[in-house]
Amino acid sequence: MMYRNRFTDEGRERIMLQAKNLSKSFHDGKYAKTILKDIHLHIPKGSWVTIMGPSGAGKTTLLNCLAGIIRPETGTVTINDVELLNLNEKQLCDFRRKHIGFIFQDFKLLPHYSVIDNVMLPLIYDEDNKKLKARAERLLSEVGIDEHLFRRLPAGLSGGEKQRVAIARSLIAGPDLLLCDEPTGNLDIESRNQMTDLLRKVKQRGQTIIVVTHDQEVANLGDVTYQLREGTLMEVG
Ligand SMILES: Nc1ncnc2c1ncn2[C@@H]1O[C@H](COP(=O)(O)OP(=O)(O)OP(=O)(O)O)[C@@H](O)[C@H]1O
Ligand SMILES: [Mg+2]
């Protein structure tokens, strides 16, 4: 299959993420709605995978399952040979902090922390403060946040600025896997192009990216695109 040949590493594919038999439904009173039905996904290291699909299809739910943020009813998720659902909460939290960057659709910036503190937070207890701060400043500049905004609280930022800060935060630990939930949704075309350049750099460094997007031009930059529809993933094109 084409997909297999695209990411070979000395003839052997190195799998970064493997999800098997993932199912998830939400229960609303008497009714249960199945969002993910027996999903299988295997993602080679260093690839860019795009997930598209209609609003409400379950894209965010899928990303949350892949990151171990929500537990699926059935199935397994393995990242770098670690089976996420076997970890306890603390181990899972540590694993996520070190290996997974997540750009949330609604940013999830902490409202009482400044821009720079939000970016530093994932590693604040692990690393020398000065070095961490320098790296956070560099990342913020890279995503186009001006220095005069570093001390501002998230409430004083525009939607696009919040999104850039969320992107900087997701990259602070140099994650092996970057999960992006509509990372260009609030950006104008020029900012979107800056963002996709940044994602390309991330990929060039060998990091693996999963991007959820409604934007076909963003999808075109990836190695493979899946459509999530009625709980099932289908490879497109
Ligand atoms: N915690 C929850 N409790 C109940 N239902 C939920 C919950 N989270 C999501 N859902 C439902 O699951 C479905 C999928 O939601 P999800 O946010 O994953 O969709 P999406 O594909 O990301 O949509 P969008 O493109 O609008 O972001 C929706 O019908 C939503 O209402
Ligand atoms: Mg969503």
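Read the numbers this way: they start at 1 and go in the same order the structure lists the ligands and their atoms.
- In terms of modelled atom types and a separation under 3.5 Å, the side chain of R169 and the main chain of P122 share no donor-acceptor contact.
- At least one side-chain heavy atom of H99 sits less than 4.5 Å from a side-chain heavy atom of N80.
- Side-chain atoms of K59 come within 3.5 Å of backbone atoms of P54 as a donor-acceptor pair (strictly under, hydrogens ignored).
- No side-chain heavy atom of K130 sits less than 4.5 Å from a side-chain heavy atom of K133.
- Between the R164 side chain and the V143 main chain, a donor and an acceptor come within less than 3.5 Å of each other.
- Protein atoms of type N/O/S that fall under 2.8 Å from the Mg ion (ligand 2) number 2 in this view.
- Residue-level contacts of ligand 1 at the 4.0 Å heavy-atom threshold are F26, K33, I35, P54, S55, G56, A57, G58, K59, T60, T61, Q105, E182, H214.
- A ring-ring contact (aromatic ring centres under 6.0 Å, His included) check over residues 17-39, counting only residues at least two apart or in different chains, returns nothing.
- Heavy-atom neighbours of E217 CD from other residues, nucleotides or ligands within 6.0 Å: at or below the threshold of 12.
- The side-chain hydrogen bond (donor to acceptor under 3.5 Å, both in side chains) test applied to S170 returns no partner, not counting sequence neighbours.
- At distances below 3.5 Å, not a single donor-acceptor pair connects side-chain atoms of E182 with backbone N or O atoms of V212.
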